[in-house]
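Residue numbers begin at 1 in each chain, while the letters A, B, ... track the order of the sequences.
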Amino acid sequence: MKRYFHNFGERLIEGILALSGAVTSLTVLLIVVFLFKEGLGLFSQHPVSEGGVIVVNNQNPVKELSAKQIKEIYDQNITNWKEVGGKNQPIKIFRLEDITDYYPEEQLGANFEYLPQRLSELVSKQPEIIAYFPEQYLSKNFQGHPIELENITLGSFLGGKEWYPTIQPAVQMGVLPLILGTLWVSFGAILIALPLGLAAAIYTAEIADNKVRNTLKPVIELLAGIPSVVYGFFGLVVLVPLIQKVFGLPVGETALAGSIILGIMALPTIISVTDDAMRTTPRAMKEASLALGATKWQTIYKVVIPYSISGISTAAILGIGRAIGETMAVLMVTGNASVIPHTFLEPVRTIPATIAAELGEAPQGGIHFQALFALGCILFLMTLIINVSVDMVSAKKKANR
Amino acid sequence: MKNLKKVQVVGLFLATVLLGACGGNEGKKENTEAGGTTSEASVTLTAKGSDTVLPLAQQEAEKYMQKHKDAAITIVGGGTGVGLSALEEGTTDLAMASRTLKTEEKLKFQAAKKDIKEALIAYDALSVIVNPNNKVSQLTREQLEGIFTGKITNWKDVGGDNEKIVPYSRETSSGTYEFFKEHVLNKKNYAGNILMMPATGSIVQSVGQTKGAIGYVGLAYDTPEVKPLKVSYDQGKTYVAPSVEAAKDKSYPISRPLFFFYDATSESKVKPFIDYIMSEEGQKIVQETGYVPVK
């Protein structure tokens with residue numbers, strides 16, 4: 001290896017540079033390890049919230065229920081044990097606070113010391129009951145059997161269609177609507193931003209004269225300086241009613257609103273990076289093209305764009321990166337309904353918005369907390385895949401040239 | 001080559017030492033700050049949590065600080081859950097809450113060996129709001145349940161125009177979300193396609209500009225852009241409009257208590273502020289800000 005630095009001062013600079021490199025790589029590694037450590041913890045978790053237990057009467061043949069079935073039972077959409085493989089008898093729902101309907105308070109003891117006994121009694125007496133209460137009240141000789149629930153699996157996490165991370169007794173962690181929502185909004189944003197950004201960059205780099213360019217570029221770059229919450233507010237107050245009116249929708253908070261806002265936010269990045277890339281095209285190449293009789297447009301199309309294609313790819317990556325990870329603006333305009341989107345004119349819920357809205361409330365180390373970290377992992381993998389694939393594409397293009 | 005590696009190793013080592021040193025410094029700083037507050041007469045308080053309690057707490061804190069020049073109270077929102085987890089971590093003195101503790105939260109505090117006390121400071125009533133152009137002006141609890149659980153999807157089923165119902169809810173971190181679920185939806189879950197808004201202000205904004213919208217907000221948030229509905233909890237026999245008076249005499253059914261939670265060990269620190277809120281003057285502010293006084 002060639003030595004670039006010789007005297008002591010230069011050695012010191014070399015050390016500092018190496019140090020910054022090491023610290024940066026270490027930080028990235030640390031974040032990734034932390035993210036995945038927390039996120040992967042989810043798959044050893046039980047969907048019944050921590051410290052809780054679901055029990056039924058001993059005579060009840062039902063031993064296993066899915067989280068979805070439990071939700072439907074507690075929402076009273078499933079009202080008969082027959083529907084979940086039991087006897088033909090109505091389901092009786094019991095929550096801990098209902099205990100006073102069955103026993104007067106004095107029978108529970110001043111500090112609820114008789115509560116485990118009473119719960120056991122109640123469950124053994126009621127053949128139709130399904131009871132949910134904290135595990136600490138489960139007495140040793142409990143008359144009844146607990147309902148088994150499957151742990152959360154990767155398949156049920158990625159393929160599940162319902163996102164109810166906080167409900168009791170059993171949470172439902174299906175992130176498919178969130179993943180599709182994120183991809184949907186980002187895809188729309190890039191569809192809007194890339195052609196527009198490319199066109200604007202071609203204009204500023206090749207067509208506009210210096211005076212126009214010198215005023216236009218700072219204005220475009222100013223767009224990048226607007227805080228995202230301002231974009232969100234603009235979207236909510238201006239764009240959402242507009243979309244509602246134009247398309248005659250019942251509700252204006254849609255994926256389209258999110259895509260447009262994100263598109264606008266990604267524009268400055270795409271324009272300035274593309275513009276810089278195009279301006280590095282050697283003058284000789286352009287002049288050669290013009291000298292051969294090519295028109296200005298042919299030169300742009302056949303010389304400038306192919307030459308700066310790696311820069312344009314970088315612009316696209318940065319744009320998509322911003323779109324996928326953007327939180328606040330999207331949180332405000334997309335309506336955040338966790339349903340699988342079919343058109344651009346429906347509300348969607350994105351992964352970053354979900355994390356931002358829910359992380360503050362999720363108890364640390366709990367199942368909800370880990371699920372949000374797992375969402376973070378998914379987001380990380382999504383951007384990683386995009387980066388790697390675009391890198392590969394631009395490398396191939398370079399090799400061809 | 002060898003040399004460069006050495007430099008890298010030294011760099012890594014240095015980085016660790018530096019990071020460690022930073023951590024140490026921070027710890028010390030916190031310690032001195034905490035020491036300062038207890039030894040001096042001045043009080044620095046932070047209250048964090050429910051966005052519903054936020055406007056009230058701000059008013060109270062402002063008036064309190066005018067009277068006690070040495071007190072500094074910081075009020076932060078974020079949702080009841082946020083406040084309670086901050087209290088558990090010890091990053092706030094007071095947790096503002098718009099509901100009582102959940103079982104798992106009680107267990108958490110128990111596990112952390114923290115004795116948590118509560119102070120009831122006011123009541124809040126929720127009003128169900130619709131767009132002013134909506135014909136419907138009253139609903140029963142059962143109808144509200146049907147709308148928010150996704151069973152009723154058109155306004156014509158509840159006496160309105162043929163228009164799709166667009167229900168708006170708060171995010172899951174909000175105490176209002178839980179309260180509405182418990183008291184209006186009879187503990188059933190919200191429909192999956194419900195629109196979730198990050199703040200009460202956005203619900204008001206959206207309901208004001210969406211014709212088929214319905215949402216719920218604290219009584220204090222009522223504005224002319226939206227229309228509050230009368231609700232009935234007796235299958236449609238009597239409908240009551242939300243108002244401070246109706247909430248105070250308990251004839252309006254959708255009302256809830258607002259709490260301050262605090263660690264028993266910091267009681268001496270937070271007590272003066274809570275006492276002020278409970279005083280006649282403090283309770284007058286409660287009424288003026290649109291909440292319902294305890295007394």
Side-chain angles (χ1 to χ4, degrees), chain A residues 1 3 11 14-16 18-23 26 49-52 71 74-77 93 95-96 133-134 136 161-168 177 236-237 240-241 244 250-253 328 331-332 334-339 346-347 349 353 356-364 366 368, chain B residues 1 3-4 7-12 14-16 18-19 78-86 88-89 102-108 111 149 163-166 168-169 171-174 177-178 181 185-199 202 205-206 209-213:
Chain A
M1 176 177 266
R3 308 284 330 199
R11 279 283 173 83
E14 186 186 353
I16 290 169
L19 186 68
S20 342
V23 168
L26 205 68
S49 47
E50 228 171 300
K71 173 181 169 273
Y74 272 81
D75 279 354
Q76 291 162 33
N77 291 331
I93 299 168
R95 293 181 177 91
L96 189 58
F133 52 82
Q136 64 185 90
K161 290 178 189 150
E162 299 216 316
W163 176 251
Y164 285 100
T166 57
I167 61 171
Q168 285 182 331
L236 183 62
V237 177
V240 166
Q244 194 180 347
V251 52
E253 281 101 342
M328 208 51 225
L331 185 63
M332 290 171 84
T334 57
N336 304 320
S338 46
V339 284
E346 272 174 84
R349 190 177 182 89
E358 295 177 8
L359 190 62
E361 150 244 14
Q364 202 165 5
H368 188 192
Chain B
M1 190 73 200
N3 228 333
L4 199 68
V7 169
Q8 269 172 346
V9 170
V10 170
L12 270 178
L14 264 176
T16 358
L18 274 175
L19 279 175
T80 299
V82 176
L84 287 171
S85 50
E88 193 199 326
E89 285 155 18
K102 288 189 203 169
T103 320
E104 67 255 39
E105 282 161 350
K106 278 185 200 152
L107 290 174
K108 275 244 155 63
T149 54
E163 174 96 32
K164 197 174 169 246
I165 298 181
V166 185
Y168 284 88
S169 156
E171 278 289 350
T172 50
S173 58
S174 138
Y177 171 94
E178 294 285 341
K181 180 175 156 185
L185 307 191
N186 204 8
K187 290 180 190 148
K188 290 180 186 162
N189 289 303
Y190 290 89
N193 62 355
I194 201 157
L195 291 142
M196 301 236 200
M197 303 308 272
S202 347
Q205 172 72 31
S206 294
Q209 67 196 20
T210 308
K211 188 159 180 275

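Residues B:Met197 and A:Met332 are not in side-chain contact: their nearest non-hydrogen atoms beyond the backbone lie 4.5 Å or more apart. Looking at B:Lys188 and A:Asn77, their side chains never come closer than 4.5 Å, going by heavy atoms from C-beta outward.
A distance of 11.5 Å separates OG1 in A:Thr334 from CE in B:Met196, rounded to the nearest 0.5 Å. One distance of note links CG of B:Asn193 with CD of A:Glu346; it measures 9.5 Å at 0.5 Å rounding.
Both the backbone and the side chain of B:Gln209 come within less than 4.5 Å of a heavy atom in chain A. Within the 4.5 angstrom heavy-atom criterion, no atom of B:Ala199 approaches chain A. Of the two parts of B:Lys187, the backbone and the side chain both hold a non-hydrogen atom closer than 4.5 Å to a non-hydrogen atom of chain A. Heavy atoms closer than 4.5 Å to chain A are found in the side chain of B:Glu89, but not in its backbone. Within the 4.5 angstrom heavy-atom criterion, no atom of B:Thr149 approaches chain A.
Remark: the backbone N or O of A:Tyr164 is not paired with any side-chain donor or acceptor of B:Tyr190 at under 3.5 angstrom. When atom types are taken as modelled, the side chain of A:Tyr74 and the backbone of B:Asn189 share no donor-acceptor pair closer than 3.5 angstrom.
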Legend entry - side chain to side chain contact (heavy atoms under 4.5 Å, CB included) assessment of A:Leu236 paired with B:Ser202: CA-CA 8 Å; A:Leu236 183 62; B:Ser202 347; 4.0 Å; yes
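The choice from B:Ala191, B:Gly192, B:Gly212, B:Ala213 that makes the most heavy-atom pairs within less than 4.5 Å of chain A is B:Gly192. Between chain B and the options A:Pro241, A:Ser20, A:Gly252, the largest number of non-hydrogen pairs under 4.5 Å is found for A:Pro241. Ranked by heavy-atom pairs under 4.5 Å with chain B, the list A:Gln76, A:Lys161, A:Glu162 is led by A:Gln76.
Contact detail for B:Leu195 and A:Val251: the closest heavy-atom pair is CD1-CG2, 3.7 Å. The two residues B:Lys211 and A:Gln244 come nearest to each other via the heavy atoms N-NE2, 3.9 Å. Nearest heavy atom pair, residue B:Ile194 against residue A:Ala337, reads O-CB, 3.0 Å. When all heavy atoms of A:Val237 and B:Gln205 are compared, the closest pair comes out as CG2-NE2, 3.8 Å.
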